[in-house]
Each structure stands twice: as structure tokens, then as C-alpha cells.
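Just the heavy atoms: all of them, side chains too, but no hydrogens, waters or symmetry mates, feed the values below. In listed order, ligands and their atoms are each counted from 1.
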Amino acid sequence: MFGFIHLRSCNKLKIRAYVNFALIKYWGKKDEGLKLPYQTSLSFTVDKLYTETEVIYDKNLYQDIVIINGKKDEKMGNRVAKHMDVIRREYNINSYAHIISENFVPTGAGLASSASAFAALAYAATKTYGLELSKTELSRLARIGSGSASRSIYGDFVIWNHGDDKTSVSKPLDAKWDDFRVIVCMIDENEKECSSSDAMKKSVMNEELYSNWVLESQKDLSEMLQAIENKDIEHVGVIAEKNAEHMHALIEATGTKYKTEKTLEVISKVKALREKGIKAFYTMDAGPNVKIITIESEVAEIKKNLLNIQMIVCKAGFDAHEV
Ligand code: DP6
């Protein structure tokens, strides 16, 4: 057994995990360390944006060496090393490692790079060590790195249960919807000023507004499940938009603002498209970028109407996998 682990840990192995965008958002933790959410969320994992990570254990190291996009990144490096400590503790791994991660997505711009990053890390760190974790276990481990990462273990539509450390894991939704699309509108690739973790904490502290958010978002969730089952893009779009708007109203009421002038401009263009009968709806996360929710038959018209915006048209992505 030990020989096997030793052999695997010498091998190079790269894991790719894809970004997911929430249609029903996760916003607020009841346990900061374990990253347990107050509510169940639902997302769509996309094909075009992802992270690839290698973990190379090295007995000669006295700390982890973290390289992200070819550079040492102190802030993210500390977070990654902290998560590696969790993994080492849970699986009795007694070696530091070189962690080499490449984001095929702009880091920190509200494009959920921490989701793909921590999913890839949890998978790579355990698999390289010779451990074959189930997807449920990987989802839990990824969650402890970054909440939304629990969903990036799976492709396509995914639901992440609230609950306790054992039960707060994601699972794929049994929904095949081939022409569903998310168009990422690149507004700003720069690092966001306020991390989602900090903004979440402020939201949770406002008990009245926050409890209303939890209540409403869970009503949105049951409607969303029905709308996805019916492949009803208008219903999916309306609920997702309402859910994102509620989250941003809460964020703004508790002192953080992610929307920029450009964000508002794109949002009003999406709404104008709808006036013309085009099925386009929006969602946004903890950053300025807007994601348009639509179906394939509307994509060409949407592109024609938003010519000056850089867009990435995404289909359903895949479960995290070895590359
Ligand atoms: C707005 O998963 O980045 O994207 O758990 O603190 O790492 P931490 O937060 P993170 O939060 C993502 C919040 C969101 C909504 C969502 O993806 O559900």
C-alpha cells in the first residue's frame, strides 16, 4: 500500500475542474471554517472556463510552494496552503508540495475562479497521493476550500445541499438540456476589491435582511427545479435574475457594491433585448461581470446586439477529470 502511494506521489498528474455559475446563489455561511451554507444552491458548470492543477509532493520542502498562472501569488498561495493543511490532516499526508495551477479564466473578477481552483486542488492533492475519493467526498473536501467549489466536481446542472459537514455536498441534477447557454460578458478582468467571503459576513450580520434572503432563495430554488425540468428558459431566466438581484440588493444594503457603470449598461441592454422578444436574462456574482442566460437559438441575435462586449458563449461543462 505504502509503495503504491509512494509511486503515485512521484507521478505527474493534472486535474481539470470547470467553473460553475449559480442560478440560485450561495450567499452566507453558518460555519466559516467548514464553509457550510445557510441555503441550498443550484448552478450550471460551463465548458469554456476551467482550472488545471498539479500537486507534486516533495519531502525536501518545509512549506508548500504555490504557483498560479506561472507566478507566486501570496494571497491565494496562503489560502491554498491552508487548504492543503486540511487535506494533509484529514488524509494523514505528511509532505509539503509544489502546487502548480493554471486558471483558464480571469482570476478574482467574479468569474468564480475559486470554485474551479479548489475543486481541482482537492482532486489533484488526493489523487496524486494515491487516494481514490468518491465524488461526494471530493465535493465535501472542495467545499472546505471554497464553498462554491463543491459544485465544480460535477458538470452541467448541479445542486449543493445545505446541511452539516457530511451532508453539505453537491450532486448532479438529472437534467439534460442541450441548448441551454450561459454567455459570459467580460466587463472587467481585474481583481475585485471586496472578497465574497468578507461581503457574505457583512450580509449575514444583518439578521432581518439575511433571514429574508434565505427564505426567498429557497422558494426560488423549488421554482427553479421545476423550470429546469420543463426546459422553460423564460421561467429559469426570470427566477435566476430575481435571485441574483435579491443577492445584490442584500450586498449593497450591507455596504458592498460590485456593480459598475458598465455592469448597469449591460444589464439594461439585456432587458432591452427582452423587450424585443429575445430570450435573454442575466445573473451576476461577486464581481462586475454579467452572465447572460439563454438558449442556443438566441445566441446570434444577442451577439449582434452587444457588439462592443467581449463574450464567451458556454455550454454545459464536465465533471472534474484528469488531463
Ligand atoms: C456569489 O464560493 O467564492 O459566486 O465559500 O467564501 O470561498 P467562499 O465563497 P465563494 O462564493 C461564491 C458566491 C457567489 C454565488 C455562488 O456561486 O453561489
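Under a 4.0 Å criterion applied to the non-hydrogen atoms of Ser114, ligand 1 contributes the atoms 3 (O). Atom numbering of ligand 1 starts at 1 in the shown order; those under 4.0 Å from a heavy atom of Ala22 are 16 (C), 17 (O), 18 (O). Within ligand 1, the atoms closer than 4.0 Å to a non-hydrogen atom of Lys35 are 5 (O), numbered from 1 in the order shown. Annotation for ligand 1: atoms under 4.0 Å from non-hydrogen atoms of Ser197 are 6 (O), 8 (P). Contact atoms of ligand 1 toward Lys25: 15 (C), 18 (O) (distance under 4.0 Å to a heavy atom of the residue). Each of the following atoms of ligand 1 lies closer than 4.0 Å to a heavy atom of Met200: 9 (O), 11 (O), 13 (C). In the vicinity of Ala286, heavy-atom distances shorter than 4.0 Å reach the ligand 1 atoms 1 (C). Heavy-atom contacts of Trp27 reach the following atoms of ligand 1: 1 (C) (cutoff under 4.0 Å).
Side-chain atoms of Arg181 never come within 3.5 Å of backbone atoms of Val299 as a donor-acceptor pair (strictly under, hydrogens ignored).
In summary, the aromatic rings of Tyr96 and Tyr62 are positioned with their centroids too far apart to meet the 6.0 Å limit. Between Phe21 and Phe44, the ring center distance fails the sub-6.0 Å criterion.
Between Thr254 and Val204 the shortest side-chain heavy-atom distance does not fall below 4.5 Å. You'll find the side chain of Leu34 reaches within 4.5 Å of the side chain of Arg143, heavy atoms only.
Between the choices Phe118, Tyr26, Phe21, the shortest heavy-atom distance to atom 8 (P) of ligand 1 belongs to Tyr26. The residue among Arg151, Met284, Lys29 with a heavy atom at the shortest distance from atom 17 (O) of ligand 1 is Arg151.
In this structure, Ser196 is part of the shell of residues with a heavy atom less than 4.0 angstrom from ligand 1. Under the 4.0 angstrom criterion for non-hydrogen atoms, His248 is not in contact with ligand 1.
In terms of polar-atom proximity, Gly147 is counted as a contact of ligand 1, with an N or O under 3.5 Å from an N or O of the ligand.
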Taking only distance into account, with no hydrogens and no angle test, what donor-acceptor pairs under 3.5 Å do side-chain atoms of residues 231-238 form with protein atoms, sequence neighbours excluded?
residue : atom : partner : partner atom : Å
Lys231  : NZ   : Lys176  : O            : 2.8
Asp232  : OD1  : Glu234  : N            : 3.3
Asp232  : OD1  : His235  : N            : 3.1
His235  : NE2  : Glu223  : OE1          : 3.1

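Here the closest heavy-atom approach between residue Asp47 and residue Ala316 is recorded as CB-O, 3.6 Å.
The proximity of Lys201 to ligand 1, defined as any non-hydrogen pair under 4.0 Å, does not occur for either the backbone or the side chain.
Other residues, nucleotides and ligands contribute only 12 or fewer heavy atoms inside 6.0 Å of the NZ atom of Lys315.
Under the side-chain hydrogen bond (donor to acceptor under 3.5 Å, both in side chains) criterion, Lys257 pairs with no residue, sequence neighbours left out.
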